[in-house]
There are 2 protein chains.
Amino acid sequence: MKKACSVVRVLPVLLAAVLVALASSDGPTGDADLAAFNTKFRDVILKMDNAGTVTLWAADGVSLLPDTAPMVGKQAIARFMDSVTKDLSGYHVTKEEIEWKDMRVSGDWASEWGFVHQEVMPPGEKPAIEVYGRIALVLHRDMGDGWKIEQEMWQSGPKP
Amino acid sequence: MKKACSVVRVLPVLLAAVLVALASSDGPTGDADLAAFNTKFRDVILKMDNAGTVTLWAADGVSLLPDTAPMVGKQAIARFMDSVTKDLSGYHVTKEEIEWKDMRVSGDWASEWGFVHQEVMPPGEKPAIEVYGRIALVLHRDMGDGWKIEQEMWQSGPKP
(Lines give C-alpha, C1' and ligand atoms only; values in the text may rest on other atoms or scores of the structure.)
Protein backbone atom coordinates (compact mmCIF):
# COMPACT_ATOMS: atom_id res chain seq x y z
CA MET A 1 0.00 0.00 0.00
CA LYS A 2 3.03 2.25 0.02
CA LYS A 3 2.40 3.40 -3.54
CA ALA A 4 -1.28 4.13 -2.89
CA CYS A 5 -0.46 6.15 0.22
CA SER A 6 2.07 8.19 -1.73
CA VAL A 7 -0.63 8.96 -4.32
CA VAL A 8 -2.98 9.92 -1.48
CA ARG A 9 -0.42 12.47 -0.26
CA VAL A 10 0.44 13.94 -3.66
CA LEU A 11 -2.97 14.24 -5.31
CA PRO A 12 -4.58 16.60 -2.79
CA VAL A 13 -1.57 18.91 -3.19
CA LEU A 14 -1.93 18.87 -6.98
CA LEU A 15 -5.67 19.38 -6.77
CA ALA A 16 -5.25 22.24 -4.31
CA ALA A 17 -2.69 23.88 -6.60
CA VAL A 18 -5.03 23.67 -9.58
CA LEU A 19 -7.97 25.02 -7.57
CA VAL A 20 -5.89 27.91 -6.21
CA ALA A 21 -4.80 28.72 -9.78
CA LEU A 22 -8.44 28.70 -10.90
CA ALA A 23 -9.61 30.82 -7.97
CA SER A 24 -6.85 33.41 -8.32
CA SER A 25 -7.45 33.82 -12.04
CA ASP A 26 -10.73 35.67 -11.51
CA GLY A 27 -10.17 36.92 -7.99
CA PRO A 28 -9.53 40.27 -6.38
CA THR A 29 -5.77 39.99 -7.04
CA GLY A 30 -6.43 40.29 -10.75
CA ASP A 31 -8.73 43.24 -10.21
CA ALA A 32 -6.24 45.03 -7.93
CA ASP A 33 -3.52 44.52 -10.51
CA LEU A 34 -5.81 45.91 -13.21
CA ALA A 35 -6.65 48.93 -11.05
CA ALA A 36 -2.90 49.50 -10.56
CA PHE A 37 -2.39 49.24 -14.33
CA ASN A 38 -5.18 51.77 -14.94
CA THR A 39 -3.63 54.29 -12.53
CA LYS A 40 -0.24 53.94 -14.22
CA PHE A 41 -1.82 54.15 -17.71
CA ARG A 42 -3.41 57.49 -16.78
CA ASP A 43 -0.27 58.84 -15.10
CA VAL A 44 2.08 58.21 -18.04
CA ILE A 45 -0.33 59.94 -20.46
CA LEU A 46 -0.71 62.92 -18.12
CA LYS A 47 3.08 63.23 -17.79
CA MET A 48 3.57 62.61 -21.55
CA ASP A 49 6.01 59.93 -20.40
CA ASN A 50 6.47 57.97 -23.64
CA ALA A 51 9.08 55.58 -22.23
CA GLY A 52 6.73 54.84 -19.32
CA THR A 53 3.84 54.22 -21.72
CA VAL A 54 5.91 51.75 -23.76
CA THR A 55 6.56 49.64 -20.63
CA LEU A 56 2.78 49.06 -20.39
CA TRP A 57 2.67 47.36 -23.81
CA ALA A 58 3.10 43.68 -24.71
CA ALA A 59 5.89 43.09 -27.25
CA ASP A 60 3.35 42.20 -29.98
CA GLY A 61 0.56 44.60 -28.94
CA VAL A 62 -1.56 46.34 -31.60
CA SER A 63 -2.84 49.92 -31.45
CA LEU A 64 -5.91 50.83 -33.51
CA LEU A 65 -6.50 54.57 -33.94
CA PRO A 66 -9.32 55.88 -36.15
CA ASP A 67 -8.40 56.30 -39.84
CA THR A 68 -4.84 55.11 -39.18
CA ALA A 69 -3.21 51.84 -40.23
CA PRO A 70 -2.75 49.43 -37.27
CA MET A 71 0.50 49.89 -35.36
CA VAL A 72 1.92 46.53 -34.34
CA GLY A 73 4.62 46.01 -31.72
CA LYS A 74 6.30 48.12 -29.05
CA GLN A 75 8.79 49.70 -31.44
CA ALA A 76 6.14 50.97 -33.88
CA ILE A 77 4.08 52.36 -30.99
CA ALA A 78 7.15 54.06 -29.46
CA ARG A 79 8.01 55.67 -32.82
CA PHE A 80 4.44 56.94 -33.21
CA MET A 81 4.37 58.45 -29.72
CA ASP A 82 7.72 60.16 -30.25
CA SER A 83 6.47 61.67 -33.53
CA VAL A 84 3.33 62.99 -31.79
CA THR A 85 5.39 64.52 -28.98
CA LYS A 86 7.67 66.17 -31.59
CA ASP A 87 4.71 67.52 -33.60
CA LEU A 88 3.08 68.85 -30.44
CA SER A 89 6.20 70.44 -28.95
CA GLY A 90 5.13 72.99 -26.31
CA TYR A 91 1.72 71.34 -25.73
CA HIS A 92 0.91 69.88 -22.31
CA VAL A 93 -1.67 67.34 -21.20
CA THR A 94 -3.37 69.06 -18.25
CA LYS A 95 -6.22 66.62 -17.68
CA GLU A 96 -6.53 62.86 -18.29
CA GLU A 97 -9.73 61.39 -16.92
CA ILE A 98 -10.71 57.80 -17.75
CA GLU A 99 -13.89 56.29 -16.33
CA TRP A 100 -13.29 52.56 -16.77
CA LYS A 101 -16.22 50.21 -17.40
CA ASP A 102 -16.73 46.44 -17.63
CA MET A 103 -13.32 45.44 -16.25
CA ARG A 104 -13.20 41.69 -16.86
CA VAL A 105 -10.48 39.21 -15.88
CA SER A 106 -10.46 35.60 -17.11
CA GLY A 107 -7.26 33.71 -16.41
CA ASP A 108 -4.33 35.65 -17.87
CA TRP A 109 -6.55 37.83 -20.07
CA ALA A 110 -8.53 40.96 -19.27
CA SER A 111 -10.64 43.52 -21.11
CA GLU A 112 -12.12 46.90 -20.26
CA TRP A 113 -13.37 50.07 -21.93
CA GLY A 114 -13.71 53.60 -20.70
CA PHE A 115 -14.88 57.16 -21.30
CA VAL A 116 -11.89 59.45 -21.86
CA HIS A 117 -11.75 63.20 -21.28
CA GLN A 118 -8.45 64.85 -22.10
CA GLU A 119 -7.50 68.50 -21.81
CA VAL A 120 -4.47 69.69 -23.75
CA MET A 121 -2.96 73.15 -23.29
CA PRO A 122 -1.29 74.61 -26.41
CA PRO A 123 1.72 76.90 -26.10
CA GLY A 124 1.13 80.66 -25.80
CA GLU A 125 -2.26 82.18 -25.04
CA LYS A 126 -4.40 79.71 -26.98
CA PRO A 127 -7.42 78.12 -25.26
CA ALA A 128 -7.32 74.55 -23.94
CA ILE A 129 -8.32 71.75 -26.31
CA GLU A 130 -10.94 69.39 -24.86
CA VAL A 131 -10.98 65.85 -26.27
CA TYR A 132 -13.74 63.33 -25.58
CA GLY A 133 -13.62 59.70 -26.64
CA ARG A 134 -13.67 56.05 -25.66
CA ILE A 135 -10.91 53.49 -25.34
CA ALA A 136 -11.13 49.67 -25.29
CA LEU A 137 -8.22 47.52 -24.12
CA VAL A 138 -7.41 43.81 -24.16
CA LEU A 139 -4.63 42.94 -21.72
CA HIS A 140 -2.43 39.93 -21.00
CA ARG A 141 -0.88 39.20 -17.62
CA ASP A 142 2.92 39.21 -17.74
CA MET A 143 4.03 37.00 -14.84
CA GLY A 144 5.90 39.19 -12.39
CA ASP A 145 5.30 42.44 -14.27
CA GLY A 146 1.53 43.00 -14.24
CA TRP A 147 -0.91 43.58 -17.11
CA LYS A 148 0.36 44.51 -20.58
CA ILE A 149 -1.66 45.95 -23.49
CA GLU A 150 -2.22 43.46 -26.33
CA GLN A 151 -4.90 45.48 -28.12
CA GLU A 152 -6.04 49.09 -27.96
CA MET A 153 -8.83 50.77 -29.90
CA TRP A 154 -9.80 54.46 -29.64
CA GLN A 155 -12.86 56.22 -30.97
CA SER A 156 -14.16 59.78 -30.70
CA GLY A 157 -17.28 60.24 -28.63
CA PRO A 158 -19.73 62.92 -27.58
CA LYS A 159 -19.27 64.71 -24.25
CA PRO A 160 -21.00 62.24 -21.87
CA MET B 1 -7.11 1.52 4.67
CA LYS B 2 -10.63 1.52 3.22
CA LYS B 3 -10.94 5.29 3.57
CA ALA B 4 -7.55 5.94 2.01
CA CYS B 5 -8.34 3.69 -0.97
CA SER B 6 -11.62 5.53 -1.51
CA VAL B 7 -9.72 8.83 -1.60
CA VAL B 8 -7.28 7.28 -4.07
CA ARG B 9 -10.19 6.44 -6.37
CA VAL B 10 -11.98 9.78 -6.12
CA LEU B 11 -9.11 12.25 -6.32
CA PRO B 12 -7.83 11.28 -9.77
CA VAL B 13 -11.38 11.69 -11.10
CA LEU B 14 -11.66 15.16 -9.56
CA LEU B 15 -8.23 16.13 -10.80
CA ALA B 16 -9.00 14.83 -14.28
CA ALA B 17 -12.26 16.80 -14.34
CA VAL B 18 -10.46 20.00 -13.37
CA LEU B 19 -7.73 19.44 -15.96
CA VAL B 20 -10.30 18.71 -18.69
CA ALA B 21 -12.12 21.93 -17.76
CA LEU B 22 -8.85 23.86 -17.97
CA ALA B 23 -7.85 22.29 -21.27
CA SER B 24 -11.23 22.79 -22.94
CA SER B 25 -11.37 26.46 -21.93
CA ASP B 26 -8.64 27.39 -24.42
CA GLY B 27 -8.99 24.49 -26.81
CA PRO B 28 -10.16 24.02 -30.38
CA THR B 29 -13.82 23.73 -29.25
CA GLY B 30 -13.77 27.36 -28.19
CA ASP B 31 -12.12 28.40 -31.44
CA ALA B 32 -14.58 26.43 -33.59
CA ASP B 33 -17.49 28.02 -31.72
CA LEU B 34 -15.98 31.45 -32.27
CA ALA B 35 -15.50 30.74 -35.98
CA ALA B 36 -19.19 29.70 -36.16
CA PHE B 37 -20.16 32.92 -34.37
CA ASN B 38 -18.11 34.97 -36.85
CA THR B 39 -19.81 33.34 -39.85
CA LYS B 40 -23.25 34.02 -38.37
CA PHE B 41 -22.28 37.61 -37.44
CA ARG B 42 -21.33 38.28 -41.07
CA ASP B 43 -24.41 36.56 -42.50
CA VAL B 44 -26.98 38.50 -40.44
CA ILE B 45 -25.38 41.83 -41.43
CA LEU B 46 -25.32 40.83 -45.11
CA LYS B 47 -28.99 39.82 -44.97
CA MET B 48 -29.89 42.92 -42.88
CA ASP B 49 -31.49 40.41 -40.51
CA ASN B 50 -31.98 42.56 -37.41
CA ALA B 51 -33.77 39.87 -35.40
CA GLY B 52 -30.92 37.46 -36.19
CA THR B 53 -28.34 40.06 -35.12
CA VAL B 54 -30.10 40.59 -31.79
CA THR B 55 -29.82 36.85 -30.98
CA LEU B 56 -26.01 37.25 -31.10
CA TRP B 57 -26.04 39.79 -28.24
CA ALA B 58 -25.77 39.22 -24.49
CA ALA B 59 -28.71 40.72 -22.57
CA ASP B 60 -26.46 43.43 -21.05
CA GLY B 61 -24.14 43.94 -24.05
CA VAL B 62 -22.87 47.43 -24.91
CA SER B 63 -22.38 48.83 -28.42
CA LEU B 64 -19.91 51.69 -28.89
CA LEU B 65 -20.21 53.53 -32.21
CA PRO B 66 -18.10 56.62 -32.97
CA ASP B 67 -19.61 59.92 -31.79
CA THR B 68 -22.69 58.12 -30.45
CA ALA B 69 -23.71 57.58 -26.83
CA PRO B 70 -23.21 53.94 -25.71
CA MET B 71 -26.15 51.65 -26.39
CA VAL B 72 -26.66 49.24 -23.52
CA GLY B 73 -28.77 46.09 -23.68
CA LYS B 74 -30.45 44.04 -26.37
CA GLN B 75 -33.56 46.25 -26.53
CA ALA B 76 -31.61 49.48 -27.12
CA ILE B 77 -29.52 47.77 -29.81
CA ALA B 78 -32.62 46.33 -31.50
CA ARG B 79 -34.28 49.77 -31.53
CA PHE B 80 -31.17 51.35 -33.06
CA MET B 81 -30.94 48.73 -35.81
CA ASP B 82 -34.61 49.08 -36.67
CA SER B 83 -34.21 52.87 -36.95
CA VAL B 84 -31.21 52.43 -39.29
CA THR B 85 -33.14 49.98 -41.48
CA LYS B 86 -36.07 52.43 -41.62
CA ASP B 87 -33.80 55.39 -42.51
CA LEU B 88 -32.05 53.32 -45.19
CA SER B 89 -35.19 51.86 -46.77
CA GLY B 90 -34.33 50.58 -50.26
CA TYR B 91 -30.60 50.21 -49.48
CA HIS B 92 -29.00 46.76 -49.60
CA VAL B 93 -25.79 45.41 -48.10
CA THR B 94 -24.10 43.70 -51.05
CA LYS B 95 -20.73 42.93 -49.45
CA GLU B 96 -19.71 42.23 -45.83
CA GLU B 97 -16.09 41.15 -45.50
CA ILE B 98 -14.50 40.85 -42.06
CA GLU B 99 -10.90 39.71 -41.70
CA TRP B 100 -10.72 38.67 -38.05
CA LYS B 101 -7.48 39.05 -36.09
CA ASP B 102 -6.19 38.03 -32.64
CA MET B 103 -9.07 35.68 -31.77
CA ARG B 104 -8.45 34.89 -28.10
CA VAL B 105 -10.39 32.53 -25.83
CA SER B 106 -9.80 32.37 -22.06
CA GLY B 107 -12.38 30.34 -20.16
CA ASP B 108 -15.83 31.76 -20.91
CA TRP B 109 -14.50 35.02 -22.37
CA ALA B 110 -13.14 35.81 -25.82
CA SER B 111 -11.93 38.84 -27.75
CA GLU B 112 -11.12 39.57 -31.37
CA TRP B 113 -10.86 42.50 -33.78
CA GLY B 114 -11.12 42.71 -37.54
CA PHE B 115 -10.85 44.76 -40.70
CA VAL B 116 -14.31 45.43 -42.14
CA HIS B 117 -15.19 46.20 -45.75
CA GLN B 118 -18.83 46.81 -46.45
CA GLU B 119 -20.51 47.63 -49.75
CA VAL B 120 -23.98 49.17 -49.65
CA MET B 121 -26.12 49.67 -52.76
CA PRO B 122 -28.50 52.65 -52.64
CA PRO B 123 -31.86 52.53 -54.41
CA GLY B 124 -32.04 53.72 -58.02
CA GLU B 125 -28.99 54.30 -60.18
CA LYS B 126 -26.67 55.66 -57.48
CA PRO B 127 -23.16 54.17 -57.15
CA ALA B 128 -22.30 51.68 -54.40
CA ILE B 129 -21.07 53.05 -51.07
CA GLU B 130 -17.83 51.46 -49.89
CA VAL B 131 -17.23 51.51 -46.13
CA TYR B 132 -13.90 50.58 -44.50
CA GLY B 133 -13.37 50.26 -40.77
CA ARG B 134 -12.39 48.08 -37.83
CA ILE B 135 -14.46 46.28 -35.22
CA ALA B 136 -13.42 44.94 -31.80
CA LEU B 137 -15.59 42.47 -29.87
CA VAL B 138 -15.58 41.03 -26.35
CA LEU B 139 -17.73 37.90 -26.10
CA HIS B 140 -19.09 35.70 -23.32
CA ARG B 141 -19.92 32.04 -23.74
CA ASP B 142 -23.60 31.33 -23.15
CA MET B 143 -23.76 27.68 -22.10
CA GLY B 144 -25.69 25.81 -24.78
CA ASP B 145 -26.10 28.81 -27.09
CA GLY B 146 -22.56 29.79 -28.15
CA TRP B 147 -20.77 33.14 -27.94
CA LYS B 148 -22.70 36.34 -27.24
CA ILE B 149 -21.48 39.94 -27.71
CA GLU B 150 -20.83 41.75 -24.44
CA GLN B 151 -18.94 44.68 -25.96
CA GLU B 152 -18.60 46.06 -29.49
CA MET B 153 -16.53 49.02 -30.68
CA TRP B 154 -16.37 50.30 -34.25
CA GLN B 155 -14.00 52.80 -35.80
CA SER B 156 -13.47 54.09 -39.32
CA GLY B 157 -10.26 53.04 -41.01
CA PRO B 158 -8.32 53.55 -44.22
CA LYS B 159 -8.68 51.06 -47.07
CA PRO B 160 -6.11 48.38 -46.03
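As a basis for the values below, the full set of heavy atoms in this structure was taken, side chains included, without hydrogen atoms, waters or symmetry mates.
Residues of residues 68-90 of chain B lying under 4.5 angstrom from chain A, judged on non-hydrogen atoms, are B:Thr68, B:Ala69, B:Pro70 in numerical order.
For A:Trp147 and A:Asp142, the side-chain atoms include no donor-acceptor pair closer than 3.5 Å. Counting only N and O atoms by type, the side chains of B:Glu96 and B:Gln118 include a donor and acceptor under 3.5 Å apart. For the residue pair B:Asn38/B:Glu112, the side-chain donor-acceptor check at 3.5 Å is satisfied.
By the rule that hydrophobic residues join a cluster once side-chain heavy atoms approach within less than 4.5 Å of another member, B:Ile149 and B:Val105 end up as members of one cluster.
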| request: Begin with the C-alpha distance, continue with both residues' side-chain angles, and end with the deciding distance and a verdict on side chain to side chain contact (heavy atoms under 4.5 Å, CB included) for A:Leu137 and A:Trp100. | output: CA-CA 10 Å; A:Leu137 296 180; A:Trp100 290 106; 3.6 Å; yes
| task | Check the pair B:Lys148, B:Arg141 against side chain to side chain contact (heavy atoms under 4.5 Å, CB included), reporting the backbone distance first and the verdict last. | result | CA-CA 6 Å; B:Lys148 301 294 174 186; B:Arg141 197 195 304 268; over 6 Å; no
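Neither the backbone nor the side chain of A:Tyr132 comes within less than 4.5 Å of any heavy atom in chain B. Proximity to chain B is limited to the side chain of A:Ser111, based on heavy atoms less than 4.5 angstrom apart.
No side-chain heavy atom of A:Met153 sits less than 4.5 Å from a side-chain heavy atom of A:Arg134.
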